[in-house]
Amino acid sequence: MKLWSQYFIPTLKESPADAEIASHRLLVRAGLVRKLGGGLYTYLPLGLRVMQKLTQICREEMERAGAIELWMPHMHPAENWQQGPRWTAAREIMFRADSSGDGKRGSREPEYVLGPTHEEVITPLVKSEITSYRDLPKNFFQISTKFRNEIRPRYGLMRAREFVMMDAYSFDVDDPASIKSYHAMKAAYEAFFRRVGARAIAVEADTGVMGGSFSHEFMVPAEIGDDDVIYCEESGYAANREKATSALVPKDLVDAEPAGALEEFATPGIVTIAALEAAPYSVAADKQFKTLVYIGDGKPFLVVLRGCDELEEAKLGALGFMLTRPATPDEIEPVMGARPGSLGTVNGTIKNPGALAGIFADHAIRLVGNGTTGANKDGFHLRNVNVVRDLAVTKFGDFRRVRPGEPCPLSGKPLQVRRGIEVGHIFKLGTKYSEKFNAVYTDDQKQSHPMVMGCYGIGIGRTMQAIIEQSHDADGIVWPWNAAPFHLLVCVLDPQLPEAMELAKSLAVAAEQAGAEVLIDDRAERPGVKFKDADLIGVPLRATIGGKGLKEGIVELKWRTQKEVAKLPLAEAAARLAAAVAEGRAKA
RNA sequence: CGGGGUGUAGCUUAGCCUGGUAGAGCGCCUGGUUUGGGACCAGGAGGUCGCAGGUUCGAAUCCUGUCGCCCCGACCA
């Protein structure tokens, strides 16, 4: 039990000026954190207690899933990263930690970096320590600090430069075994979020810079989230916007309507889809082909979409380039023969097709019959263009951004969209890292194989804030039992009365024996201040002892989630309190 | 990194446009009256007006630079 007057809970009446969203304001007002600098926070005692609750539950679920806890350095030799597969892609988010820093960013190669995650540390470790199939599978995890030089830290702990994360890494003999590990972790995640009272859903996600073959994000639905989740109530389909697909596309590769004769026509000054939609041309956007030029690892390639569709850049990741970017007009002209606005992929119109790394078309263009596209001649377009007859396509794929209302790929019902906060992410990595670091094992046939890896992360601080975002009211935080910094707050309205404090302490002991953690508000404050603070810090149970109640022979008991106050006769108070604690634990 | 904003006491802020002794509320300290949903009275402490230049007799205020912070975009747990 803790006495408030001896503890440290600096609550604030007013919201800090730099806090925009409810959870960030409450984090600061309830005395959980204080800011040191952009994206850097001190966890005050109350905040630390919540973090410890979350890490302990996380640890239990990881161990239940068979993962083994260890602790790795946070300062990594830069060589580890230079050897790994994502040095180029990841270096801008890494802080460098040099012994002889000259203060000039990027002026030379760093000696050390602060770890944003630990694949580059765990993989070499496993490579040197595990060499036999007999020692697999293994899954290692740690709960520790991560450093990322976020371009724009935001929303308190939501996007911080230094943050606490659980990260785990699985090593298996083959793909089926790795998928088994992946599903065990997915189940462990679901158990973790359920136990801490965060309503999180698993959605299909893009693998991004991590690489790997598939992945799920765990999202807490919230208006302030950074990600769009596309989902279908009917089928349970849920995917990150970057990954989401719909059932728009026909199965057979045939032209959508009888093909008319290909015909060139002049379109002076027309360089946008919208301009071609307007009179006198009046070509609907879904009857146009949009041709985009990108550079993949230095070589140009084309992406063809319907005029009405948007490219989802993340989906270009499927093409296997390390780095992609849009091409500039000066890069485009020598290859295509025209500048943006008059581009197309009709056979024979591209000036220098040999320069291209490929022509990738979205499946949806198969819906376009007798469409219009650029002639690769500035100021000219072609009409009656048909996919099978006219277009050069290396490969069809899914490249367009899905819109809400399109049919669900599973049920065909309209897809919906909502915002979410990403609190966890799991990846099936494959052999990308094990091959780079030569983490191989020998099987029972004396054959050597790269280990198949998975990696997994849970943002602990982000989860804490997501819980607040999801569980608060106008008065303050409403903690779920298992995440609460304390379970019972005993408000002593007249702490100067010895019998009041004695009663408070005996009730606290009873509650502790029933399994609660107890905070006693023994401050010499007016009742109003104590009640406001009690609601603000959001402890699930509140017992109130006042001079008035003592005369009547009662103690009051109230749940943070309810308005009603129960009046407990003194003789029953301890037992009723213990029963309430048992109820809180049972429901958690 | 691009665009927008902002910096005044521990916190929330007024003053800046139109240059002339830096103001309030909360919090804090002292005394008193209060005491069941952020009390009241009296007194008090606390500010290099982010920093550096410049203009001016005179700068929180105008100009230049710089740094921090916040918001919108791309990235992430």
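Proteins get letters first, then strands, A, B, ... in listed order; numbering begins at 1 in each. All values below were derived from every heavy atom in this structure, side-chain atoms included, with hydrogens, water molecules and symmetry-related copies excluded.
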Can you check whether [X] has a side-chain N or O nearer than 4.0 Å to OP1 or OP2 of [N]?
X      : N     : result
A:K13  : B:G10 : no
A:R154 : B:C76 : no
A:Y155 : B:C76 : no
A:R159 : B:C76 : no

For this session: Measure from the ring center of A:F218 to the ring center of A:Y189 and say whether it is less than 6.0 Å.
Result: yes
For this session: Step through it carefully: locate the ring centre of A:F214, locate the ring centre of A:Y182, and say whether they are under 6.0 Å apart.
Result: yes
Seminar exercise, completed: Between A:I93 and A:V529, the residue closer to the 5' end of RNA chain B by nearest nucleotide is A:V529
What contact category does [X] fall into here, base, sugar-phosphate, or nothing, at under 4.0 angstrom with non-hydrogen atoms?
X      : answer
A:K35  : sugar-phosphate
A:P116 : nothing
A:G547 : nothing
A:G38  : sugar-phosphate
A:D494 : nothing
A:D227 : base
A:T463 : nothing
A:A160 : base
A:V423 : sugar-phosphate

Side chain of [X] - closest among [options]:
X      : options             : result
A:E14  : B:C76, B:G36, B:G25 : B:G25
A:D535 : B:G36, B:C76, B:G37 : B:G37
A:E422 : B:A77, B:G36, B:A39 : B:A77

Side-chain donor or acceptor of [X] under 3.5 Å from a matching atom on the base of [N]?
X      : N     : answer
A:R29  : B:G38 : yes
A:R462 : B:C76 : yes
A:E556 : B:G36 : yes
A:R542 : B:G37 : yes
A:R152 : B:C75 : no

How far, in whole Å, is [M] from [N] if one measures between their [atom1] atoms?
N     : M     : atom1 : answer
B:G15 : B:U61 : C1'   : 9 Å
B:C70 : B:G58 : P     : 37 Å
B:C51 : B:G7  : C1'   : 11 Å

Exercise. Do you know which of A:K530, A:R526, A:K2 makes salt bridge (charged side-chain N to carboxylate O under 4.0 Å, His left out) with A:D521?
Worked result: A:K530
Exercise. Honestly, is A:R148 close enough over A:F163, meaning NZ or CZ under 6.0 Å from the six-membered ring centre and within 45° of the axis?
Worked result: no
Exercise. When rounded to the nearest 0.5 angstrom, what is the spacing between NZ in A:K290 and CZ in A:R400?
Worked result: 10.5 Å
Exercise. Take atom CD in A:E69; do more than 12 heavy atoms of anything else shown fall under 6.0 Å from it?
Worked result: yes
For this session: Any salt bridge (Lys or Arg N to Asp or Glu O under 4.0 Å) involving residues 493-508 of chain A? Give me the pairs, sequence neighbours left out, ordered by first then second residue.
Result: none
What is the distance, rounded to the nearest whole Å, between atom [atom1] of [X] and atom [atom2] of [N]?
X      : N     : atom1 : atom2 : result
A:I21  : B:C71 : CD1   : P     : 9 Å
A:R25  : B:U12 : CZ    : P     : 13 Å
A:K548 : B:U35 : NZ    : C1'   : 10 Å
A:L114 : B:A77 : CG    : C1'   : 17 Å
A:H24  : B:C69 : NE2   : P     : 13 Å
A:M185 : B:A77 : CE    : C1'   : 14 Å
A:R523 : B:G38 : CZ    : P     : 14 Å

For this session: Give me the ring orientation class for A:H74 and A:W71: parallel if the planes are under 30° apart, tilted from 30 to 60°, perpendicular past 60°.
Result: perpendicular
For this session: With side-chain hydrogen bond (donor to acceptor under 3.5 Å, both in side chains) as the test, would you mind laying out the steps for A:R49 and A:Q52 before giving the verdict?
Result: CA-CA 5 Å; A:R49 288 183 73 99; A:Q52 286 168 339; over 6 Å; no
Exercise. Does B:G36 have A:F531 stacked on its base, where the ring centres are within less than 5.5 Å and the planes differ by under 30°?
Worked result: no
For this session: Using Watson-Crick or G-U wobble pairs with both distances under 3.5 Å, give me RNA chain B in dot-bracket, 5' to 3', with [ ] for crossers and | for pairs to another strand.
Result: (((((((..((((......[..)))).((((((.....)))))).....(((((..]....))))))))))))....
Exercise. Between A:E119, A:E120, A:H118, which is the residue that forms a side-chain contact (heavy atoms from CB on, under 4.5 Å) with A:N80?
Worked result: A:E120
